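This report concerns only the one structure given below.
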2 protein chains.
Amino acid sequence: MASNKELVEQKAIFAAYLKKKKLKITRQRQVILENFLKTEGHLSTEELYQQVRQKDRTIGYATVSRTMKALTDAGLAREIDLGDSRSRFEPLYKRPHHHHIICVECQKAIEFLSPELEQLQEQVVSRYRFQPVRHHFQVFGVCEDCQEHRPAKHEDFDSDLVFARDALRIALQTEKNGVNFYQSLAKAATDARGRNAFLEMAAEEEKHLRELEGEWETLVKRNKRVLKAPVFLHFDYNELNRLFPSPEELQKRHLERLSLEEALHLALSMEQGAHRFFKRYAEKFNDTRGKGIFLKFAEEELEHCELIQQECDRLLGSSTPLPQSQEPEIGSETTA
Amino acid sequence: MASNKELVEQKAIFAAYLKKKKLKITRQRQVILENFLKTEGHLSTEELYQQVRQKDRTIGYATVSRTMKALTDAGLAREIDLGDSRSRFEPLYKRPHHHHIICVECQKAIEFLSPELEQLQEQVVSRYRFQPVRHHFQVFGVCEDCQEHRPAKHEDFDSDLVFARDALRIALQTEKNGVNFYQSLAKAATDARGRNAFLEMAAEEEKHLRELEGEWETLVKRNKRVLKAPVFLHFDYNELNRLFPSPEELQKRHLERLSLEEALHLALSMEQGAHRFFKRYAEKFNDTRGKGIFLKFAEEELEHCELIQQECDRLLGSSTPLPQSQEPEIGSETTA
DNA sequence: ATCTGTGCAAAATGTTTGCACCACA
DNA sequence: TGTGGTGCAAACATTTTGCACAGAT
């Protein structure tokens with residue numbers, strides 16, 4: 001369900017590719033591209049062939065096959081392997097790299113995205129000094145419907161909305177943790193000035209939370225069905241507990257009682273951690289639609305850093321400059 | 001390079017499988033199984049066919065193909081996909097589930113194991129309520145040799161030794177971190193009794209470290225070439241910083257100054273964390289050769305827990321029982 | 001006008017199957 | 001002695017290619 005604008009953009013990319021390669025824009029190639037993009041899915045050559053045949057009885061299998069090769073070469077399609085030993089293709093334009101979980105009974109394939117996995121891939125290629133070309137993770141299993149012998153319902157969802165939904169969920173949870181975190185700090189603060197500062201921060205996070213809840217409402221109102229789509233963006237919510245420790249976690253780490261300076265210091269390093277985390281997270285999306293969402297999110301964490309920095313200046317005096325967020329951080333390379 | 005004992009075991013498994021299915025043990029099936037196991041690799045049907053043909057000119061391609069199906073069904077082989085659209089097989093018996101990084105130029109495939117990835121798979125199937133069947137992660141790229149246009153050298157290593165090497169490296173690093181950690185705690189301890197207790201713990205870890213270094217020497221002496229094998233067990237050494245925080249990390253977490261009770265409490269929770277971590281880690285290996293190594297390792301961490309518990313009793317009196325390690329812990333499920 | 005694209009059919013590639021003999025148990 | 005096994009060749013499934021004609025720039 002790509003927007004019309006994107007269809008035009010992709011046609012232009014294909015045209016440019018053909019021109020560069022001194023190839024021709026033909027009716028067949030147009031029809032094939034349009035049909036391929038129209039169907040968000042994992043079309044095999046045969047399926048696509050049958051589909052374009054509806055539009056134009058004369059188009060041959062070979063042409064479909066050759067055109068898909070060209071589209072792949074042009075960067076508009078990706079050939080994927082769903083384990084049924086036939087070539088399948090999916091649209092690539094402005095879509096993040098993702099993986100598939102495939103039902104071995106009904107062949108349904110669910111897409112999911114995992115920045116964690118992208119990171120693992122980076123570690124692996126760097127460790128073995130490979131120049132990366134491509135990678136994929138596939139999980140095969142029996143889907144819920146097939147386990148219960150229900151007919152498999154195949155629903156198509158707008159992938160942009162699903163992505164936005166998942167990102168928003170992460171954002172909401174982050175803000176909730178933030179509120180909790182600052183309320184805990186306020187409790188832990190041993191003096192009144194600190195308490196107030198942290199309550200303010202908690203209020204700030206709560207304001208964000210309300211805004212996000214508004215966005216959530218809008219999203220859901222726009223498309224109720226989106227709630228039924230399977231999770232696309234795979235996120236380990238435990239990660240958040242590392243960014244903003246829960247009250248229990250704080251206790252476990254012996255941070256129930258903090259001086260003003262310690263508490264501010266802790267808050268700053270948490271916000272810096274969150275900023276870095278979401279910035280890196282965003283980077284995993286390359287030039288795809290999801291990137292902006294998380295960059296904005298990282299930006300907000302940065303604003304929090306500044307707020308805290310201001311509190312520090314106000315409460316501690318500029319005499320005690322807190323350490324700046326320093327890149328590079330703990331790093332991704334090993335010490336073997 | 002499987003041991004003779006394992007060859008016999010696998011033959012027995014195949015025999016039992018054939019018996020159960022009322023199939024017959026034939027000369028061809030024996031030859032094919034032996035050749036398949038003899039070659040630790042990723043044989044295609046064609047390659048294996050050529051190989052058994054050396055032994056017995058009359059064996060047909062179809063028989064090889066059918067036998068590999070049977071071996072797969074019997075659980076002795078796994079069919080893998082190295083992206084060249086032909087069936088390839090690898091031995092499965094007592095080998096942990098692993099993944100492949102494949103050179104698109106010379107087709108060389110390096111195996112690597114990542115418990116982290118196994119965990120991700122578990123999260124994914126549970127999230128989508130799939131009944132898991134199989135999963136694999138493949139990374140394609142250009143290997144170092146091909147990047148520099150060197151002839152690809154194909155070396156075979158004893159997979160057991162390589163696994164042991166990698167496990168030992170992790171263990172060594174863990175103990176090193178442990179020594180550091182206890183030395184830091186000793187410094188941070190505000191009273192002399194605590195300081196001594198932690199120096200003792202540090203010495204304990206150091207003793208382990210020496211033992212492990214001994215094991216390392218033995219391993220390397222037994223087979224020097226093993227050091228040249230690519231990393232098999234992929235481990236994120238940053239993980240260790242989470243188990244036993246480095247001095248910098250301790251400082252960052254505002255734990256430079258601890259009362260005896262706090263310090264003991266911290267040490268106990270770190271050791272518990274390490275125990276749990278390695279126990280879970282070991283579980284990812286199912287019934288494979290690597291499992292034992294990490295279980296033993298987890299066991300040692302548990303002994304540390306008990307040592308610390310004793311210190312607590314001795315120094316704090318049994319009046320302050322510290323919290324027990326509680327399963328279930330922070331858990332793997334999300335809070336979306 | 002030229003040079004690439006196309007459809008068709010044939011080839012190529014890899015795996016599976018049918019069937020008449022073969023050989024374990 | 002009989003059931004399942006084997007090799008061979010043919011069938012299958014899917015993708016790729018060769019070629020003569022069609023059509024885009």
Side-chain angles (χ1 to χ4, degrees), chain A residues 11 14-33 35-36 42-74 77-89 107, chain B residues 11-12 14-33 35-36 42-74 77 79-89 107:
Chain A
K11 278 186 175 180
F14 192 37
Y17 167 83
L18 292 174
K19 191 165 194 176
K20 204 182 71 190
K21 290 262 178 176
K22 296 202 208 306
L23 304 178
K24 287 167 186 166
I25 298 171
T26 62
R27 180 177 42 79
Q28 290 91 331
R29 285 177 177 160
Q30 302 255 28
V31 172
I32 293 166
L33 174 59
N35 270 277
F36 168 62
H42 307 111
L43 288 171
S44 68
T45 314
E46 177 67 29
E47 285 162 355
L48 184 55
Y49 169 60
Q50 292 302 338
Q51 207 171 293
V52 294
R53 226 153 196 295
Q54 311 280 313
K55 285 257 170 69
D56 184 338
R57 305 254 60 178
T58 77
I59 293 179
Y61 184 94
T63 303
V64 177
S65 182
R66 285 186 278 232
T67 303
M68 289 318 296
K69 274 228 148 18
L71 286 175
T72 303
D73 196 37
R78 177 186 3 245
E79 191 173 348
I80 58 171
D81 172 16
L82 260 40
D84 56 356
S85 54
R86 69 187 64 186
S87 296
R88 292 183 171 277
F89 298 87
Q107 309 302 324
Chain B
K11 279 188 175 180
F14 193 37
Y17 167 83
L18 292 174
K19 192 164 195 178
K20 205 183 69 190
K21 290 262 180 175
K22 293 200 208 310
L23 304 178
K24 285 166 186 167
I25 298 172
T26 63
R27 180 178 42 80
Q28 289 91 331
R29 286 179 177 159
Q30 302 255 27
V31 173
I32 292 167
L33 173 59
N35 270 277
F36 168 63
H42 309 108
L43 288 171
S44 67
T45 313
E46 178 67 28
E47 285 162 355
L48 185 54
Y49 169 59
Q50 293 302 338
Q51 206 171 292
V52 295
R53 223 151 201 295
Q54 312 280 314
K55 285 257 169 65
D56 184 339
R57 303 255 62 178
T58 77
I59 294 179
Y61 184 94
T63 304
V64 177
S65 182
R66 285 186 278 231
T67 304
M68 289 318 296
K69 272 229 148 19
L71 286 175
T72 304
D73 195 36
E79 191 173 347
I80 58 170
D81 172 16
L82 259 40
D84 56 357
S85 54
R86 71 188 63 188
S87 295
R88 291 183 172 276
F89 298 87
Q107 309 303 324

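The structure displayed is predicted, hence computed values, not measured ones. In what follows, chains carry the letters A, B, and so on, assigned in the order in which the sequence lines appear, proteins first and then strands, with residues in each chain numbered from 1.
- One atom, CG of A/Asp81, and another, P of C/dG14, lie 16 Å apart when rounded to the nearest Å.
- Atom CZ in A/Arg66 sits about 8 Å away from atom C1' in D/dT17, given to the nearest Å.
- Donor-acceptor pairing under 3.5 Å, judged by distance alone, is present between the side chain of A/Lys24 and the base of C/dC3.
- Remark: C1' of D/dT15 and CZ of A/Arg88 are 15 Å apart, rounded to the nearest angstrom.
- There is no side-chain donor-acceptor pair under 3.5 Å between B/Glu47 and B/Gln51.
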CA sep, side-chain torsions, deciding dist, call: A/Gln54, A/Asn35, side chain to side chain contact (heavy atoms under 4.5 Å, CB included): CA-CA 10 Å; A/Gln54 311 280 313; A/Asn35 270 277; over 6 Å; no
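- Among the protein residues, B/Lys19 comes within range of no part of the nucleic acid, since none of its heavy atoms lies under 4.0 Å from any strand.
- Nearest-nucleotide positions on DNA chain C for B/Ser85 and A/Gly60 put A/Gly60 closer to the 5' end.
- Rounded to whole angstrom, the span from the CG atom of B/Leu82 across to the C1' atom of C/dG14 amounts to 16 Å.
- Comparing D/dT17, C/dG5, C/dG14 by their nearest atom to the side chain of B/Tyr61 picks out C/dG14.
- Note on A/Lys22: every side-chain N or O is 4.0 Å or more away from OP1 and OP2 of D/dT25.
- Counting non-hydrogen atoms under 4.0 angstrom, A/Ser87 reaches the backbone sugars and phosphates but no base.
- With hydrogens and angles left out, the side-chain atoms of B/Glu79 and B/Thr72 include no donor and acceptor closer than 3.5 Å.
- Atom CZ of A/Arg57 is separated from atom P of C/dT6 by 18 Å (rounded to the nearest Å).
- What separates CD1 of A/Ile59 from C1' of D/dG23 is a distance of 14 Å, to the nearest Å.
- Counting any heavy atom pair closer than 4.0 Å across all strands shown, B/Arg29 reaches sugar-phosphate atoms only and no base atom.
- Between A/Asp84 atom CG and D/dA13 atom C1' there is a gap of 12 Å when expressed in whole angstrom units.
- Counting any heavy atom pair closer than 4.0 Å across all strands shown, A/Gln28 reaches sugar-phosphate atoms only and no base atom.
- Taking all atoms of both residues into account, the shortest heavy-atom contact from A/Met68 to A/Ile32 is SD-CG2, 4.2 Å.
- Both B/Thr26 and A/Tyr49 lie near DNA chain C, and the one whose nearest nucleotide falls closer to the 5' end is A/Tyr49.
- Separating the CZ atom of B/Arg53 from the C1' atom of D/dT6 is a distance of 13 Å, rounded to the nearest angstrom.
- The shortest heavy-atom contact between B/Leu82 and B/His42 is CD2-CB, 3.9 Å.
- Between B/Ser65 and the phosphate of C/dT15, there is no side-chain N or O to OP1/OP2 separation shorter than 4.0 Å.
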